[in-house]
Student: 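This is the structure, below, for whatever I ask next.
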Protein chains: 2
Amino acid sequence: MLGTRERILTSTGELFRRQGYNGTALKQVTALADAPFGSLYHHFPGGKEELAEAVIKSSGQAYQTLFELIEDAAVDPGSAVTDFFDGAAAVLEQTGYVDACPIGTVALEVASTNDRLRQATAEVFASWVDTAARRLASHGVAPARSIELATLLVAAVEGGFMLSRAARSPEPMRASGRLLRELVESELATVRTVTTTT
Amino acid sequence: MLGTRERILTSTGELFRRQGYNGTALKQVTALADAPFGSLYHHFPGGKEELAEAVIKSSGQAYQTLFELIEDAAVDPGSAVTDFFDGAAAVLEQTGYVDACPIGTVALEVASTNDRLRQATAEVFASWVDTAARRLASHGVAPARSIELATLLVAAVEGGFMLSRAARSPEPMRASGRLLRELVESELATVRTVTTTT
DNA sequence: GTCTATAGAAGGATAGAC
DNA sequence: GTCTATCCTTCTATAGAC
């Protein structure tokens, strides 16, 4: 049995994924976490905002770990891309298009309304981009170019979640992954060519 | 002076862009539209849901028109891509990262909570993808391939809005546009090569 | 048909018993 | 420090005056 604080965090993350920040009531959170309502304010004295910040940071970290695991398991960066996009598409299908990114919806909701939470989402995105960019750079892609590619990868994942959930189809997510794999592979081919030529 | 119904529609769209569906109160809408509260229910008897559906459809149409104008003005499909992404980035900068896509936030919020609105957003996205795909197809890209590319373009725009608003920087949107321009241009180069060769 | 006042429900937050 | 009962605000929606 996990601690109450942990259960509140994971329950909030789950609800944020499907309903967003404003759509999630704290009573719903404690009900799902099977915790008394008061314990939420015991563990998060700052209320909904503090809870949300903690959820953004912890689930941002969780996704980053997941991404690293997939990348480590893949034979090359190109297949890591499709592994990740296809994996996200499969999860969407299996969960009735409910189980998406816990950051995305919240990020759009708070971007112009809550600067503390906006900054928390920005740090998560930056960390994801940084992780992906380092991987690309380790395969010889120039640093600035790696950041551009990594940014597009993260943006396309988030957009893929949006389109796939709206259409209730895995295709937008999968199609994005296929094309971005091509882009990454042609980039790596360029690197190899340049390296060989030089 | 526009009609009351029109003012309510545009005000709601404006608020949806920066606050989303759940974050926008109907009193806020009527205040911004300078309309008495009751007139909202006169023009939209179905309340918030009916209003939201109308906003999704009308602003979806408006964005499609904007996209077509940019495409018509561009010298080639590649520059149309960067024109669009750079234009979106410029609007974000000029408006303090407030004036983004009126559909995106709402789409994520309602995807698992309101099937009528989910379907409305899905139709808008499908219509955007269809428009972009037709343009690509008219330049010789195979139909299925055109749909894939168009899907990625729309997904990347939405993801670009998300990352740029979170970071309060135009770079994610611009970087995505630069890379996708390359992708589109290399696709068109392939088409020309194949056409020439055949 | 335009507008105000209010109903009824749900939200976040807190006080205080144990 | 765990939990319940309640406060106050805000939301959507409606009733009804004009």
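Throughout, protein chains are lettered first and strands after them, A, B, ... in sequence-line order, and every chain is numbered starting at 1.
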Student: Give the B/S/- string for nucleotides 2-18 of chain C, one per nucleotide from 5' to 3', where a protein heavy atom under 4.0 Å of the base yields B, of only the sugar-phosphate yields S, and otherwise -.
Tutor: SBBBB----SBBB----
Student: What is the distance from CG of A/Leu40 to P of D/dG1, rounded to the nearest Å?
Tutor: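 Atom-to-atom, A/Leu40 to D/dG1, this comes out as 18 Å.
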Student: So A/Phe37 and A/Tyr41, would you call those rings parallel, tilted or perpendicular, with 30° and 60° as cut-offs?
Tutor: tilted
Student: Could you tell me whether the side chain of B/Trp128 and the main chain of B/Ala150 form a donor-acceptor pair under 3.5 Å?
Tutor: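 It does not hold such a pair.
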Student: Start with the C-alpha distance between B/Ser176 and B/Leu163, add both sets of side-chain angles, then the distance that settles side-chain contact (heavy atoms from CB on, under 4.5 Å), and finish with yes or no.
Tutor: CA-CA 11 Å; B/Ser176 298; B/Leu163 267 61; over 6 Å; no
Student: After noting the C-alpha distance and the side-chain angles of B/Ser127 and B/Asp130, does the key distance pass the side chain to side chain donor-acceptor pair (under 3.5 Å) rule?
Tutor: CA-CA 5 Å; B/Ser127 158; B/Asp130 187 63; over 6 Å; no
Student: Examine distances only and state if a side-chain atom of B/Glu109 and a backbone atom of B/Asn22 form a donor-acceptor pair shorter than 3.5 Å.
Tutor: yes
